[in-house]
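The structure appears right after this line, and notes come after that.
This structure is a prediction, so every number in the text was calculated from the model and none was measured.
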Amino acid sequence: MSKASEMLSCDIKDKSLAEKGRLRIEWAGQDMPVLKAVMERFTKEKPLKGYRLGACLHVTSETGNLMVTLKAGGAQVALCASNPLSTQDDIAACLVVDHDIPVFAIKGEDNDTYYRHINAILDMAPQLTMDDGADLVSTLHSKRKDQIDKVMGGTEETTTGVIRLRSMAADKVLEYPIIAVNNALTKYLFDNRYGTGQSTVDGILRATNRLMAGSVVVVAGYGWCGRGFAMRAKGHGAHVIITEVDEVKALEAALDGFRVMPMIQAAPIGDIFVTLTGDIKVIDTHHFEAMKDGAIVCNSGHFNVEINIASLEEMAVKTRKLRDFVEEFTLPDGRRINLLGEGRLINLAAAEGHPSCVMDLSFANQALASEYIIQNASGLKKQVYDVPEEIDRYIAKLKLASMGIAIDQLTEEQIRYLNTWSQGT
Ligand SMILES: NC(=O)c1ccc[n+]([C@@H]2O[C@H](COP(=O)([O-])OP(=O)(O)OC[C@H]3O[C@@H](n4cnc5c(N)ncnc54)[C@H](O)[C@@H]3O)[C@@H](O)[C@H]2O)c1
């Protein structure tokens with residue numbers, strides 16, 4: 001261990017939660033066969049040996065499995081939360097107690113603690129960063145510039161992070177290469193769609209215990225997360241309305257059988273509103289003004305900026321916490337609007353995040369992308385790169401095999417046909 005990492009200890013809620021975390025990591029691991037295969041190889045080959053890797057991710061049971069995999073690959077890892085409300089304290093405890101991994105994350109930490117924890121990761125002088133939302137990378141680029149030349153590369157987990165990093169690259173301020181794990185097909189097609197789809201329903205139901213069937217559910221954003229959630233809400237019997245700003249996505253939603261309209265028209269009709277856009281103020285003052293009594297609003301996009309919470313607080317004459325993750329705001333005319341999970345990702349705040357089966361794909365991408373950076377560091381520029389196609393295909397292949405699914409292979413004749421332009425009718 002380097003001097004910097006020896007200085008690290010941890011900042012977690014309670015070490016005695018480790019036993020619970022151990023069992024939950026084991027349970028999640030049972031549904032993560034691709035990551036397990038990566039771990040088995042990493043254990044033998046140690047491709048990350050001697051590298052310091054600072055991770056800023058949601059501290060969940062699946063992340064626990066990823067951290068153990070990276071350590072098995074020889075990396076010195078340290079982990080902090082990528083969201084103040086998404087940490088599972090038992091997982092943090094298990095990683096510290098059982099695996100000697102420095103973790104800085106406490107569920108419900110305030111903003112100052114959140115950034116203190118990010119800085120604790122940077123204190124270990126990471127050579128690789130693994131980020132979810134780009135708060136670690138942006139802190140490094142704004143407040144800890146002196147150590148940036150030690151970083152050889154990083155990975156980014158989510159859509160919002162990739163957007164931020166691409167804008168850093170466009171402004172020519174990005175100081176090292178990043179692999180956009182989010183943009184792997186085996187990531188967003190499954191994690192963003194099926195993972196967010198199921199876990200957002202899970203978070204809303206755990207927070208409210210309301211019946212989805214017959215409810216009018218308004219979904220802002222018909223990207224990968226939005227379409228996953230809309231599909232699952234429809235499956236629960238909800239009347240789903242989509243709001244969009246992109247003509248093509250709006251058209252797709254309409255042809256998928258959803259009603260599409262502007263948020264201001266949906267506002268008086270909706271029972272439950274969910275934002276999944278990565279954008280700000282998608283639900284704003286004039287929308288609150290039009291909502292009916294008892295409306296429920298929540299967010300499953302990365303940051304807590306999609307709902308204008310400051311405005312809701314200003315409008316309210318009374319607020320009270322009704323149950324865990326439900327805060328009621330009473331407006332001057334007596335209407336009540338319920339905000340879930342402080343406007344933070346509801347699937348991680350009130351539920352457990354994505355099921356392990358999809359995080360298996362995302363985190364196999366993370367582990368293999370880290371190895372790729374080490375192997376290719378000298379040839380990579382200060383840009384945002386996609387995950388190499390061979391990694392994507394390798395992961396899909398392993399996942400299919402683990403599911404007992406075989407597929408057809410192209411014949412030589414088919415390969416020739418698919419590569420020719422001369423053969424027509
Ligand atoms: N909850 C989770 O666990 C989880 C998982 C993955 C991604 N995310 C986050 O969810 C967000 C969406 O990710 P994605 O992969 O679906 O992105 P995406 O780019 O595929 O989709 C976002 C959609 O929102 C639309 N949009 C933008 N502004 C809008 C507005 N004002 N009103 C209505 N629609 C608007 C865009 O046109 C786009 O279609 C991001 O912040 C991402 O980081 C969350």
For the student: nearest non-hydrogen atoms of [X] and [Y], plus distance:
X: Val219; Y: Gly226; value: CG1-O, 3.9 Å
X: Ala125; Y: Lys150; value: CB-CD, 4.3 Å
X: Val59; Y: Ala81; value: CG2-CA, 4.0 Å
X: Leu165; Y: Ala134; value: CG-CB, 4.1 Å
X: Cys94; Y: Ile25; value: SG-CD1, 3.8 Å
X: Glu306; Y: Thr277; value: OE1-OG1, 2.8 Å

Practice problem: Check step by step if side chain to side chain contact (heavy atoms under 4.5 Å, CB included) holds for Ile269 and His239. | Solution: CA-CA 10 Å; Ile269 317 171; His239 303 287; over 6 Å; no

Self-check item: Positive for side chain to side chain contact (heavy atoms under 4.5 Å, CB included) with Asp89, one of Lys20, Lys15, Lys13
Solution: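 Among the candidates, only Lys13 passes.
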
How long is the gap from [atom1] on [X] to [atom2] on [Y], to the nearest 0.5 Å?
X: Asp149; Y: Tyr176; atom1: CG; atom2: OH; value: 12.0 Å
X: Cys298; Y: Ile307; atom1: SG; atom2: CD1; value: 6.5 Å
X: Leu348; Y: Lys107; atom1: CG; atom2: NZ; value: 8.0 Å
X: Ile346; Y: Asn304; atom1: CD1; atom2: CG; value: 12.0 Å
X: Gln265; Y: His287; atom1: CD; atom2: NE2; value: 10.5 Å
X: Asp132; Y: His58; atom1: CG; atom2: NE2; value: 4.0 Å

Tell me whether [X] at atom [atom1] has more than 12 heavy atoms from other residues, nucleotides or ligands lying less than 6.0 Å away.
X: Arg210; atom1: CZ; answer: no
X: Arg259; atom1: CZ; answer: no
X: Arg393; atom1: CZ; answer: no
X: Glu389; atom1: CD; answer: no
X: Glu314; atom1: CD; answer: no
X: Glu109; atom1: CD; answer: yes

Quiz item: Does the pair Phe273 and Met263 meet the rule for a side chain to side chain contact (heavy atoms under 4.5 Å, CB included), with working shown?
Solution: CA-CA 10 Å; Phe273 296 80; Met263 182 59 84; 4.1 Å; yes

Quiz prompt | From CA spacing to verdict: side-chain hydrogen bond (donor to acceptor under 3.5 Å, both in side chains), Ser311, Asp284 | solution = CA-CA 7 Å; Ser311 168; Asp284 208 347; 4.8 Å; no

Flag side-chain contact, heavy atom, 4.5 Å: [X] against [Y]:
X: Glu313; Y: Phe329; answer: yes
X: Leu340; Y: Asn299; answer: no
X: Leu251; Y: Val248; answer: no
X: Pro355; Y: Asp31; answer: no
X: Lys399; Y: Cys357; answer: yes
X: Ser61; Y: Gln88; answer: yes

Looking only at atom types and distance, does a side-chain atom of [X] sit under 3.5 Å from a main-chain N or O of [Y], one as donor and one as acceptor?
X: Asn308; Y: Lys281; answer: no
X: Tyr51; Y: Pro47; answer: no
X: His117; Y: Cys80; answer: no
X: Arg144; Y: Thr139; answer: no
X: Asn192; Y: Cys225; answer: no

Quiz item: Going through the distances and angles, do Glu156 and Arg164 end up as a salt bridge (Lys or Arg N to Asp or Glu O under 4.0 Å)?
Solution: CA-CA 10 Å; Glu156 171 52 52; Arg164 291 178 83 188; over 6 Å; no

Lys/Arg N to Asp/Glu carboxylate O, [X] vs [Y], below 4.0 Å:
X: Asp392; Y: Lys187; result: no
X: Arg116; Y: Asp11; result: yes
X: Glu19; Y: Arg22; result: yes
X: Asp123; Y: Arg52; result: no
X: Glu352; Y: Arg24; result: yes

Quiz prompt | Donor-acceptor side-chain pairing of Asp360 and Asn65 below 3.5 angstrom | solution =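 There is no such pair (donor and acceptor under 3.5 Å, judged by atom type) between the side chains of Asp360 and Asn65.
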
Self-check item: Step-by-step side chain to side chain contact (heavy atoms under 4.5 Å, CB included) determination, Phe42 to Lys71
Solution: CA-CA 9 Å; Phe42 273 21; Lys71 195 171 175 189; over 6 Å; no

Quiz item: Under the side chain to side chain contact (heavy atoms under 4.5 Å, CB included) criterion, do Tyr114 and Asp135 qualify, and how do the steps go?
Solution: CA-CA 10 Å; Tyr114 175 75; Asp135 279 346; 2.7 Å; yes

Quiz item: Stepwise, does the side-chain hydrogen bond (donor to acceptor under 3.5 Å, both in side chains) test hold for Asp110 with Thr113?
Solution: CA-CA 5 Å; Asp110 61 22; Thr113 311; 2.6 Å; yes

Quiz item: Which class fits the ring pair Phe258 and Tyr222: parallel under 30°, tilted 30 to 60°, perpendicular over 60°?
Solution: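 If you compare the ring of Phe258 with that of Tyr222, the planes turn out perpendicular.
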
